[in-house]
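The first residue in the sequence is number 1, and the count goes up from there.
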Amino acid sequence: MITATLPELVEDPRTAEVFRSTVLDNVMSALRALSTDDQTEEFPAPPVAFEFARRLAQQGVPITTMLRAYRIGQAAFHQRIIAWIAARDVTANEVADAAMALSSFTFSFIDRVSEQVVTAYLRERDTWMRHRNTLRLARVQALLDGRNSDAEELEAVSGFPATLPMVGVVVWCGRETGEPDRLGVLERHLARVASALDTGPRPVLSVAPDDSTLWAWIPCPAVDPVSVADRMGEEADGVRTAVGEPGAGLDGFRLSHRQARQAQSIALAADPAHASPLMVSSQLGPLALVGAEVEDLRAWVQSVLGGLAADDEHCARMRATVWAYLSSGHSLNTAAAELHLHKNTIQYRIRKAEEVRGRPLSEGRIDVEVALLACLLLGSTVLRPAQPPHP
């Protein structure tokens with residue numbers, strides 16, 4: 001009855017053999033328990049049942065399938081025993097009493113045995129997943145480090161063609177996420193990222209370099225940061241995401257991962273007020289070239305912006321105005337429309353910004369734009385603390 005309903009349990013010949021032994025030993029254990037006077041004693045699961053649970057965990061068979069097998073077995077056992085009793089010279093009331101007693105016994109037996117095999121299944125699944133992740137991580141690390149430059153190895157590890165454009169993704173969480181469920185939270189979040197990237201039913205390669213981080217590669221031809229952010233929504237469960245740019249082959253595999261790691265470092269460097277749940281490499285611009293060394297970046301930003309790098313509301317307004325002006329191609333009208341200000345106000349703030357900086361904005365203009373981008377993404381991390389007002 002079980003194999004007719006759940007044929008996936010016996011697809012592997014070795015597992016099928018263990019399965020049949022499990023059924024036989026469980027039936028024999030139940031019959032022995034029925035033959036005792038005291039049926040309140042513990043019902044230990046047969047040793048082979050633990051082996052069966054471990055095999056299912058290794059093969060990725062859902063735990064619900066295993067539990068369903070026990071319930072089907074329980075129903076079949078119950079029906080056979082009651083049919084045997086009903087065939088004896090007994091009254092209908094005696095059959096009904098027997099059915100009630102047997103039902104109570106079988107439910108208790110299956111509950112206790114199920115609890116034991118579920119524990120074995122979960123323990124094995126955790127061990128197996130960690131072991132499998134360790135092996136996969138070693139293979140991925142060899143590809144990233146250049147110790148293995150075989151495109152076929154990349155395809156074997158990832159499960160998708162190496163020629164397919166892919167993006168590197170890093171998802172991570174803080175210690176506020178409970179440890180027992182941390183990996184599960186990351187995996188669920190990664191599924192949302194894949195959905196937001198609109199990859200369709202394509203495989204995703206993921207490995208866990210530590211207990212609060214996942215590295216992943218997702219087949220994807222293009223990344224639109226705004227669209228991805230909209231599709232992901234605000235539900236993040238304390239998880240943050242960094243995404244590289246699409247690339248193909250081993251070079252793309254490595255480069256997109258480096259970009260995602262770099263975007264992660266920028267995201268981690270930001271002060272809490274500027275912490276973003278999503279950081280896409282394409283948003284970083286020239287900042288990606290200097291983002292790894294935050295201390296050096298801070299000193300450079302302050303030297304470029306001079307007094308304009310002060311972390312106060314007045315300088316923040318001037319920086320926002322200068323950024324809108326420069327990023328619009330020096331258009332007063334465009335900047336005014338973006339900030340909902342009069343163009344004369346824009347002009348005034350630009351003059352004040354040059355005074356505070358100590359030199360014209362045209363002097364080192366590209367450096368000014370990159371420094372302003374750093375302020376926009378990192379906030380107080382790269383700014384000079386505001387001076388307290390004079391008494």
**Student:** Indicate whether the side chain of T15 and that of Q59 have a donor and an acceptor atom separated by less than 3.5 Å.
**Tutor:** yes
**Student:** Quick one: does any side-chain atom of T241 pair with a main-chain N or O of L278 as donor and acceptor, under 3.5 Å?
**Tutor:** no
**Student:** Is a side-chain donor or acceptor of S104 paired with a backbone partner of A101 at a separation under 3.5 angstrom?
**Tutor:** no
**Student:** Using a 4.5 Å cut-off on heavy atoms from C-beta on, say whether the side chain of L332 contacts that of I350.
**Tutor:** yes
**Student:** Does the pair H189 and M232 meet the rule for a side-chain contact (heavy atoms from CB on, under 4.5 Å), with working shown?
**Tutor:** CA-CA 9 Å; H189 184 82; M232 287 182 62; 3.6 Å; yes
**Student:** Under a 3.5 Å distance rule, please check whether S108 uses its side chain to pair with a backbone N or O of F105 as donor and acceptor.
**Tutor:** no
**Student:** So among L24, V10, L6, D12, which one has a side chain to side chain contact (heavy atoms under 4.5 Å, CB included) with F19?
**Tutor:** V10
**Student:** Hey, could you give me each pair passing salt bridge (charged side-chain N to carboxylate O under 4.0 Å, His left out) that has a residue in residues 51-73? Not counting sequence neighbours.
**Tutor:** E51-R54, E51-R55, R71-D111
**Student:** Which residues, ordered by chain and number, are linked to L268 in its hydrophobic cluster, where ILVMFWY side chains connect at heavy-atom gaps below 4.5 Å, directly or through other members?
**Tutor:** L137, V140, L143, L144, L154, V157, F160, L164, M166, V170, W172, L205, V207, W215, W217, L250, F253
**Student:** Ignoring hydrogens and angles, tell me if any N or O in the side chain of Q116 forms a donor-acceptor pair with the backbone of A45 under 3.5 Å.
**Tutor:** yes
**Student:** Between V204 and L190, is the side-chain contact (heavy atoms from CB on, under 4.5 Å) condition met? List the steps.
**Tutor:** CA-CA 9 Å; V204 174; L190 181 60; 4.1 Å; yes
**Student:** How close do T213 and P209 get, counting heavy atoms only, and between which atoms?
**Tutor:** O-CD, 3.3 Å
**Student:** Would you confirm whether N133, through its side chain, and A208, through its main-chain N or O, come within 3.5 Å as a donor-acceptor pair?
**Tutor:** yes
**Student:** Hey, does Q347 have a side-chain heavy atom less than 4.5 Å from the side chain of R351?
**Tutor:** yes
**Student:** Excluding sequence neighbours, so at least two apart, what forms side chain to side chain donor-acceptor pair (under 3.5 Å) with Q141?
**Tutor:** D145
**Student:** Do F109 and N26 touch side chain to side chain, with heavy atoms closer than 4.5 Å?
**Tutor:** yes
**Student:** Check for a donor-acceptor pair, side chain of S256 on one end and backbone N or O of G168 on the other, with a separation under 3.5 Å.
**Tutor:** yes
**Student:** Nearest 0.5 Å please: distance from the OG atom of S303 over to the CZ atom of R298.
**Tutor:** 13.0 Å
**Student:** Tell me the closest heavy-atom pair linking E155 and A162, and the distance in Å.
**Tutor:** OE2-N, 3.0 Å
**Student:** Checking the side chain of S29 only, and the main-chain atoms of D25 only, is there a donor and an acceptor separated by less than 3.5 Å?
**Tutor:** yes
**Student:** Test side-chain hydrogen bond (donor to acceptor under 3.5 Å, both in side chains) on S212 and D210; report intermediate values, then the result.
**Tutor:** CA-CA 6 Å; S212 58; D210 57 56; 3.3 Å; yes
**Student:** If we ignore hydrogens and angles and just use 3.5 Å, is the side chain of R254 paired with the main-chain N or O of G249 as donor and acceptor?
**Tutor:** no
**Student:** Tell me whether the guanidinium CZ or amine NZ of R80 lies under 6.0 angstrom from the six-membered ring centre of W84 and within 45° of its axis.
**Tutor:** no
**Student:** Within a strict 4.5 Å, meaning less than it, do heavy atoms of the R231 and S195 side chains meet?
**Tutor:** no
**Student:** Hey, mind stepping through F50 and T119 against side-chain contact (heavy atoms from CB on, under 4.5 Å) and telling me if it holds?
**Tutor:** CA-CA 9 Å; F50 295 119; T119 300; over 6 Å; no
**Student:** For the residue pair V322 and R357, establish whether any side-chain heavy-atom pair is separated by less than 4.5 Å.
**Tutor:** no
**Student:** For L305 and C375, what are the C-alpha separation, side-chain angles and deciding distance, and is it a side-chain contact (heavy atoms from CB on, under 4.5 Å)?
**Tutor:** CA-CA 10 Å; L305 297 181; C375 295; 3.7 Å; yes
**Student:** Under 3.5 Å, is there a donor-acceptor pair between the side chain of T5 and the main chain of M1?
**Tutor:** yes
**Student:** Write down the atom of E245, the atom of S281, and the distance for their closest heavy-atom approach.
**Tutor:** OE2-OG, 3.9 Å
**Student:** Search all heavy atoms of V239 against all heavy atoms of C173 and return the closest pair with its distance.
**Tutor:** CG2-CB, 4.1 Å
**Student:** With hydrophobic residues grouped by side-chain heavy-atom distances under 4.5 Å, do I85 and M100 end up in a single group?
**Tutor:** no
**Student:** Treating Ile, Leu, Val, Met, Phe, Trp and Tyr as nodes and any side-chain heavy-atom pair under 4.5 angstrom as an edge, say whether F107 and V27 lie in one connected cluster.
**Tutor:** no
**Student:** Could you check whether any side-chain N or O of R319 sits under 3.5 Å from a backbone N or O of A310, counting only pairs where one atom can act as donor and the other as acceptor?
**Tutor:** yes
**Student:** Is it true that atom CD of E17 has more than 12 heavy atoms of other residues, nucleotides or ligands lying nearer than 6.0 Å?
**Tutor:** no
**Student:** Around R147, counting heavy atoms of other residues, nucleotides and ligands shown, do more than 12 lie under 6.0 Å from its CZ?
**Tutor:** yes
**Student:** Is there a continuous path of hydrophobic side-chain contacts, each under 4.5 Å between heavy atoms, that joins V223 to L255?
**Tutor:** no
**Student:** Does any part of the side chain of V118, heavy atoms only, come nearer than 4.5 Å to the side chain of M66, both counted from C-beta?
**Tutor:** yes
**Student:** When rounded to the nearest 0.5 angstrom, what is the spacing between NE2 in H314 and CZ in R349?
**Tutor:** 9.0 Å
**Student:** Is there a path of hydrophobic side-chain contacts, each under 4.5 Å between heavy atoms of I, L, V, M, F, W or Y residues, that connects V356 with Y348?
**Tutor:** no
**Student:** Salt bridge check, R317 against E313: does any charged N sit closer than 4.0 Å to a carboxylate O?
**Tutor:** yes
**Student:** Any side-chain heavy atom of I82 within less than 4.5 Å of one from L102?
**Tutor:** yes
**Student:** Answer yes or no: is there a side-chain heavy-atom contact under 4.5 Å between V368 and L326?
**Tutor:** yes
**Student:** Can you get from L34 to Y70 by hopping between Ile, Leu, Val, Met, Phe, Trp and Tyr side chains that sit under 4.5 Å apart?
**Tutor:** yes
